[in-house]
Visitor: 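My questions will all concern the structure given below.
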Amino acid sequence: MDHLPLKLAIDDRRPTLLIGFLEPSLINAPQSDERHWRFVYESFSDLAEQLKFYNQQLYLLQTEVQEFFTRLTEQYQIKIIFSHEETGIQITYDRDKAVAEFCKTNGINWTETPTGGVIRGIRKRNNWPKHWYSKMECLVENPEIEQLQSVKLKGSLINDLQVDSKFKTRHPSFQEGGESKAKLYLKSFFEVRVNNYNKHISKPEYSRKSCSRLSPYLAWGNLSMRQVYQAGKEASKNGGSKRNIQSFLSRLRWHCHFIQKFEMMDRYEYMNINPAYNEIRDNWSEQKYQAWETGNTGYPLIDACMKCLIETGYLNFRMRSMLVSFLTHHLWLDWKRGADYMASLFLDFEPGIHYPQFQMQAGTTGYNTVRIYNPVKQSEDNDPDAVFISKWVPVLKNLPLQFKHKPWTMTAMEENMYGVKIGKDYPFPIVDVKQTYKEASKNLWSIKNKRHTREEARKILALQNEEERVESGGD
DNA sequence: AGAAGTTTTCT
DNA sequence: GAAAACTTC
C-alpha cells in the first residue's frame, strides 16, 4: 500500500481535492486556508488541462463520486479527505451525503473547512457581518502545495465515468480558468480596471472590463474570498481609488451574505419562497419561453444579453436581472425553468447568489419591492451608443441609433432603405412591454398588499437579521 | 438595486 | 419648461 500524500491540482498548483495519507506536516497547511476545491474527476496527468473552465460547471454526482472513491481505494488506502464546505444545490447535497456515508463505512476522516465566512448550521444571522470581516482579515495561508508528492491514477476517470461530453470542451469565448489566470485578473483589476468600476457597473459592454471578472475564480475556488478582500484593502492603502474599491469590497460581503442566506434556506432553489405566489404564473407558453431562451424576443438588449451570455458565460448583474425580469414579468412565466437554464449558462454559477436573486427579481419573496425593468429604457440608459447591441445582434448594426433600440418603429420605407425587415430579419417584439408592465405591476402589487402575503413575508423575515431588513427596504 | 406619474424647485 | 424630489404601484 502506497503511503505517499496524494494531490489533485487545479491549473498550476491549486488543490481541488486533497486526499491525505497521514503526512500531517504537509497536509496541515491547506486545512487552515479557506481557498476551496471542488471534487475532481480525472486522471492526474490531464488535470491541468481539464480544469480550465468548461462551458458548464462540472459536478460529479452521487454515483460518479462513489465510483471515483471506490476506484481510489482500489489503488490507495485513504485516511483523510479535505474539502471545502460547499453551499450547493440539492444534487450536490445528495452527493455529499453519499460521500459522508462512504467515508463512514471506510473509516475515512472527512474534514471540511468553512468557505467565504459562511457559517454552517446557524439559525440566526445576528452579528454575521462582524464575523465575515474577522474571517476576511485572517492571515492568508500559502501552503507549499508543491511539496506534496503527487501520484497518478491509472486510466482516465472522466472517460471511464462517462461524464457528459459537454463538460469536456471548453468554450473558446470563455475566460480561461486556473489560479495563475485568476491572479492576473486580480492584479489588473485593482491596478487599473477598478477606476471605472462604479461608472460602468451597469453598462453591458464596459462592465466587462471595469468589473473584476473574478466571479468564476471565486466560484471554482481558484481564489479565496479572503485573498480578494485583502488584495482590495492593500490596493486601497496604496493609493487606489477608494470609493470604487470600497463599493467593490462591500459587494464581496453581499456575495457571501446571499450564500449564507441560501445555506440557511435551501428551498430558494425549488419553490416560491413565499407561498402566496404559488399559483400566479400558471400559463406556460413554450413559444414565449423559447424566444427568451434563444434571444429572439424582438427587444434588442434582451436578445443581445442572452446571446452574449450563451457565448461568453458572463453578464453584469443588472443585465442578468433584466433577463429575469423579462421572463417573469413581461412574459409572465414561472421562474424555475429559466433559473436552471441561466444557472447552466453562467461560468460563475454560484447557487447561493443565483436562486435568492432570481426569486427576489421574480418578486416571489413578498418582501422585496417589485422591480420591472423596461428593456428599452435600460437599452437607452446603459447602452446609449448601442455598441453592445451591435456586437451581439449584428443584423441591427447598420441601423441608425434610434432603430437599434427600437427596430420595430421603422417604416416600410426605412426597412427597405437599411435592408432589415422586421418579422423576417429580426423578430417583432414578442410582447408589448408597455402593456405587460401594467399587467405585471398590477398583479404583483395586489398580491403583495394582501394580508396573507404580508404575514408570510413577515415569517420569512423573522428568520433574518437586521441587515436583511435594510436590504429589503424596510418593507 | 425599477418605472411611471405627480408635485415642487430651479432657471 | 426642465430638472429634481416625491409618491405610488
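All of these numbers come straight from a predicted model, not from anything done at the bench. So that the names make sense, note that chain A is the first sequence line, chain B the second, and so on, each numbered from 1.
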Visitor: Looking across every strand, which nucleic acid part, if any, lies under 4.0 Å from A:Arg320 by heavy atom: base, sugar-phosphate, or nothing?
Guide: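 Nothing: the residue A:Arg320, judged by heavy atoms under 4.0 Å, touches no strand.
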
Visitor: Considering just the side-chain nitrogens and oxygens of A:Arg371, establish if one lies under 4.0 Å of OP1 or OP2 belonging to C:dC9.
Guide: no

Visitor: Does B:dA1 have its OP1 or OP2 closer than 4.0 Å to a side-chain nitrogen or oxygen of A:Gln361?
Guide: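 Checking A:Gln361 against B:dA1: no side-chain N or O falls below 4.0 Å of OP1 or OP2.
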
Visitor: Under 4.0 Å between a side-chain nitrogen and a carboxylate oxygen: does that hold for A:Asp348 and A:Arg320?
Guide: yes

Visitor: B:dA4 P sits how many Å from A:Glu380 CD, rounded?
Guide: 11 Å

Visitor: Give a yes/no on whether any side-chain N or O of A:Lys442 is located under 4.0 angstrom from OP1 or OP2 of C:dC9.
Guide: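 For C:dC9, OP1/OP2 do not have a side-chain N/O of A:Lys442 under 4.0 Å.
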
Visitor: Counting side-chain heavy atoms from CB outward, which of B:dA4, B:dA1, C:dC9 is closest to A:Trp254?
Guide: B:dA1

Visitor: Salt bridge check, A:Glu286 against A:Arg337: does any charged N sit closer than 4.0 Å to a carboxylate O?
Guide: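 Salt bridge flag = yes for A:Glu286 with A:Arg337.
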
Visitor: To the nearest Å, give me how far apart NE2 (A:His329) and C1' (B:dG2) are.
Guide: 9 Å

Visitor: Atom NZ of A:Lys377 and atom C1' of B:dG2: how far apart are they, to the nearest Å?
Guide: 8 Å

Visitor: What is the separation between atom CG on A:Asn374 and atom P on B:dG5, rounded to the nearest whole Å?
Guide: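 Answer to the nearest Å: 11 Å.
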
Visitor: What is the distance, to the nearest angstrom, from the NZ atom on A:Lys203 to the P atom on B:dA1?
Guide: 11 Å

Visitor: Anything under 30° is parallel, anything over 60° is perpendicular, the rest tilted; go ahead and classify A:Tyr289 against A:Trp284.
Guide: tilted

Visitor: Output the rounded distance in Å from NE2 (A:His257) to P (B:dA1).
Guide: 15 Å

Visitor: How many whole angstroms separate atom CZ of A:Phe317 from atom C1' of B:dG2?
Guide: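 These atoms are roughly 12 Å apart.
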
Visitor: Are the aromatic rings of A:Phe326 and A:Tyr373 close, with centres under 6.0 Å apart?
Guide: no

Visitor: Both distances under 3.5 Å, Watson-Crick or G-U wobble: report the partner of B:dT11, or none.
Guide: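 For B:dT11, the partner nucleotide comes out as none, under the 3.5 Å rule.
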
Visitor: Does C:dC9 have OP1 or OP2 sitting under 4.0 Å from an N or O in the side chain of A:Asn449?
Guide: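 Negative; the distance criterion is not met.
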
Visitor: To the nearest Å, give me how far apart CH2 (A:Trp445) and P (B:dA3) are.
Guide: 14 Å

Visitor: Determine whether the aromatic ring centres of residues A:Tyr299 and A:Trp408 are separated by less than 6.0 angstrom.
Guide: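 When the ring centroids of A:Trp408 and A:Tyr299 are compared, they turn out to be within the sub-6.0 Å range.
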
